[in-house]
Amino acid sequence: MDLSKLKPGKTARIVMLEGGHGLKRNLRIKGIREGKHIKIITRQPIGGPLVVEVEGMQTVIGRGMAKKIFVEE
Amino acid sequence: MGFKHKKNEKKELKKILLMGNPNVGKSVFFSRLTGANVICSNYPGTTIDFTKGVMRIKGERAEVIDVPGTCSLEPTNKAEEIAVKMLGEGDVIINVVNATNFERNLYLTIELLEQNIPVIIALNMWDDAKHKGITINVEQLEKILGVPVVPTVAVTGEGIKTLVSRLDEAKSPDIKPTSEEGRWIEIGDVVKKVQTVKHRHHTLSERISDATVKPITGIPVAILVLLLVFQFIITIGNLVIEEILDPFFCNYYSPWITGVVNSFAPSGILHDILVGQFVEGKLDFAQSFGLLTTGLYVPFVMVLPFVTLFYLMLGLLEDVGYLPRLSVLVDTIFHRIGLHGFAIVSVMLGLGCNVPGALSTRILETRKQRFISATLLAICVPCMAQTAMIFGILGRYGVGYIMIVFSTLIILYVLLGFIMNKLIKGEAPEIFMEIPPYRKPSLTTLMKKTWMRVRSFLVEAVPFVILGVFIVNLLYISGAIDILGNIFAPVLVGWLGLPKEAAGALIIGFLRKDVAVGMLLPLGLSPMQLVIASTMLAIYFPCIATFVILIRELGVKDMIKSCIIMLSVALIVGGTLRLILLGV
């Protein structure tokens, strides 16, 4: 399941990142890495961004990018 | 590799670079080390260019450079490009690491250790880490990385002395450059060995944080916050003007200055330039346009209170950490106009002065985004000096007229952004940034920051206001105003429904928008004409200071495109407003 489908308030484990080398690196250096637990704080309506929490730090991430992050509950 | 000091080879000052991820406190560090004041805030991307300062280490002078934050040595925007370029210039790097966010900060650390430059690590926000239940074994970390590590709290100064005293222990360990995967494996190892995290419950500030990004609670809060901020600025600003500054100017300054000027120039050109024309037989500070009357009244009485209060409020929002939350809430709209939510920072800075607003477009990732954001800023975001003058001339007729001006600009921002996003080629990446925790702002930092910004208004803007008033005098005395009026008459009279004398305001608007708005007052316009003219002055062109910065940021070619958009939009919007508001 991709991250954009995870319900707000739920936590899941990141299993895979998709996309180009640049995007993957960018995700990882901002803490979104395989094996980490990620929680959805909120999902903005009409295709808006998500606010996620990894290891106590919150990050806002666009819906398109979230679709490239695969998670397992 | 070992030690590699260059200071003995050359007589040049040793260069110390402050490097680290965005929003880890590098600028606070810089202020602590050099005693120089720089703008620090609680959001990533405050520092968009490097700042240099000087400090003393054991009697020796050294140069300290505050570098924009970056998460890795492969830049994703212009500010980060600057950071990576600066790397070649450093003799020593102080790598500022956010201890509360240790693991992901280590990526840049490892990259820096791979370079042949001595590094010392400052584990900053050490107090926050403790509160969060994070412990890092500093000695162990030093051993593993092979460089000195000093826990610090930059905002209170804790650990800074130790850091400085250990600066010459900085070294470049023998770490071979590796792949990205290799670095993450290394980081995993380090973190496992030195960091322990205790589980803990959500704190109150975190619950507030969540509530301010969830749309159901966040949007009403955002509206309330912005309303309160602007209500505060307007109410207090007007109070200060009406109760203190205006009475002072009218009752004390006015008789004194007319007396002084009358003593050597009772009438004639010199008198008119210094004191100005009398309106209905007496001096009118807003309309007389003398250098020593209007030239001082506009910046110090009409504008300064609003500018000061605005920067106070902006600084508060910045230091608390509200702007990133606002970015989240507006992202949905901003993404549809080719930008992303963080562009709201450019808008907020631009509402103070368009120059820092234009500079801050560097935090956007692509050329398309920078172009759209800069063009919209120049067209739709009036600076506080201009806004104050719009309040000054329209306020007397009622809030409704002011609302027309600002609603037009807001609608235009979205509409024009939407069109530009469709027409301009290039990518519009989505928002992706860390949201820092809320922080209790420090009053001294806030006051210092406000003063720095107000001072730059006094030093950089006020002389131009006075120059503007002087040029207004020249235009009238030389009769150039009539010639210009006739040239612009087709547009002004025929298209916008304004008198041809408004040409003077258009010319002065290149120099200072506040003076230009002020020039509308003596023309005897109807309130609706004032609305059209004020809106035009916001849209048609940026002031010279912003213009220069935009050429630098966008390049000449894109700036020409941007200017064509500005002028055509001004004509279209002006004509439309005339049809709607004047009905002719």
Side-chain angles (χ1 to χ4, degrees), chain A residues 2-71, chain B residues 21-22 44 70-72 74 76 98 100-108 111 132-134 180-181 183-184 187-188 197 199-200 202 206 209-219 324-325 327-336 340-342 365 428-437:
Chain A
D2 77 65
L3 187 66
S4 74
K5 296 191 180 70
L6 190 64
K7 289 222 164 61
K10 294 263 188 241
T11 303
R13 202 171 60 91
I14 302 170
V15 287
M16 194 183 76
L17 303 178
E18 226 178 44
H21 171 74
L23 175 69
K24 280 186 188 170
R25 195 192 60 238
N26 219 345
L27 286 168
R28 289 181 184 133
I29 55 179
K30 289 207 171 91
I32 298 175
R33 276 167 59 200
E34 295 90 338
K36 298 281 172 198
H37 288 274
I38 190 165
K39 182 183 175 190
I40 308 282
I41 303 295
T42 171
R43 193 165 56 195
Q44 304 291 314
I46 10 174
L50 286 76
V51 175
V52 298
E53 191 175 295
V54 180
E55 290 174 335
M57 275 304 280
Q58 295 192 349
T59 306
V60 52
I61 181 168
R63 192 71 67 101
M65 268 190 236
K67 287 191 173 139
K68 295 185 169 158
I69 300 165
F70 289 85
V71 295
Chain B
N21 285 36
T70 180
C71 292
S72 83
E74 287 170 75
T76 58
N98 178 350
T100 66
N101 213 358
F102 180 58
E103 184 169 347
R104 64 187 83 160
N105 274 233
L106 271 181
Y107 190 85
L108 178 70
E111 279 190 310
K132 282 195 151 190
I134 299 168
E180 200 190 313
E181 311 296 315
R183 281 179 206 131
W184 285 119
I187 290 166
V197 183
H199 181 74
R200 56 180 195 110
H202 253 45
E206 282 165 334
S209 169
D210 291 358
T212 44
V213 289
K214 287 178 183 164
I216 301 170
T217 40
I219 291 172
R325 272 97 186 164
S327 305
V328 171
L329 296 170
V330 298
D331 181 74
T332 312
I333 294 175
F334 273 68
H335 191 54
R336 281 171 178 65
H340 58 62
F342 207 43
E365 288 87 347
E430 292 182 318
I431 193 169
F432 184 34
M433 59 181 267
E434 275 173 16
I435 301 174

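These numbers come from a predicted model, not from an experiment. Below, chains carry the letters A, B, ... as their sequence lines are ordered, and counting in each starts from 1.
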*Do other residues, nucleotides or ligands put more than 12 heavy atoms under 6.0 Å from the CD1 atom of B:Ile333?*
no

For residues [X] and [Y], report the shortest heavy-atom separation together with the two atoms involved.
X: A:Gln44; Y: B:Pro215; answer: NE2-CD, 3.6 Å
X: B:Lys132; Y: A:Gly56; answer: NZ-O, 3.4 Å
X: B:Asp210; Y: A:Gln58; answer: OD1-NE2, 2.8 Å
X: A:Gly48; Y: B:Thr332; answer: CA-OG1, 3.5 Å
X: A:Ile32; Y: B:Phe432; answer: CD1-CE1, 4.0 Å
X: A:Ile46; Y: B:Arg336; answer: O-NH2, 3.0 Å

*Could you state the interatomic distance from CG (B:Leu106) to CD1 (A:Ile29), rounded to the nearest 0.5 Å?*
13.0 Å

[X] versus chain A, heavy atoms under 4.5 Å apart: side chain, backbone, both or neither?
X: B:Glu111; result: neither
X: B:Ser209; result: side chain
X: B:Glu180; result: side chain
X: B:Arg183; result: neither

*Is there a salt bridge (Lys or Arg N to Asp or Glu O under 4.0 Å) between A:Lys36 and B:Glu103 once you walk through the steps?*
CA-CA 12 Å; A:Lys36 298 281 172 198; B:Glu103 184 169 347; 2.9 Å; yes

_Which of A:Lys24, A:Glu55, A:Arg25, A:Arg28 touches chain B most, by non-hydrogen pairs under 4.5 Å_ = A:Arg25

*For each of A:Arg43, A:Met57, A:His21, A:Glu53, tally heavy-atom pairs with chain B at distances under 4.5 Å, and name the one with the top tally.*
A:Met57

*Given side chains that start at C-beta, do those of A:Val54 and B:Arg104 come closer than 4.5 Å, heavy atoms only?*
yes

*asked:* In the structure I gave you, are the side-chain heavy atoms of B:Cys71 and A:Lys30 within less than 4.5 Å of one another anywhere?
replied: yes

*Have a look at B:Ile431 and tell me which of A:Leu50, A:Val60, A:Thr59 forms a side-chain contact (heavy atoms from CB on, under 4.5 Å) with it.*
A:Val60

*asked:* Which residue is it: B:Thr217, B:Val213, B:Leu329, B:Ile216? I am looking for the one with a side-chain contact (heavy atoms from CB on, under 4.5 Å) to A:Thr42.
replied: B:Val213

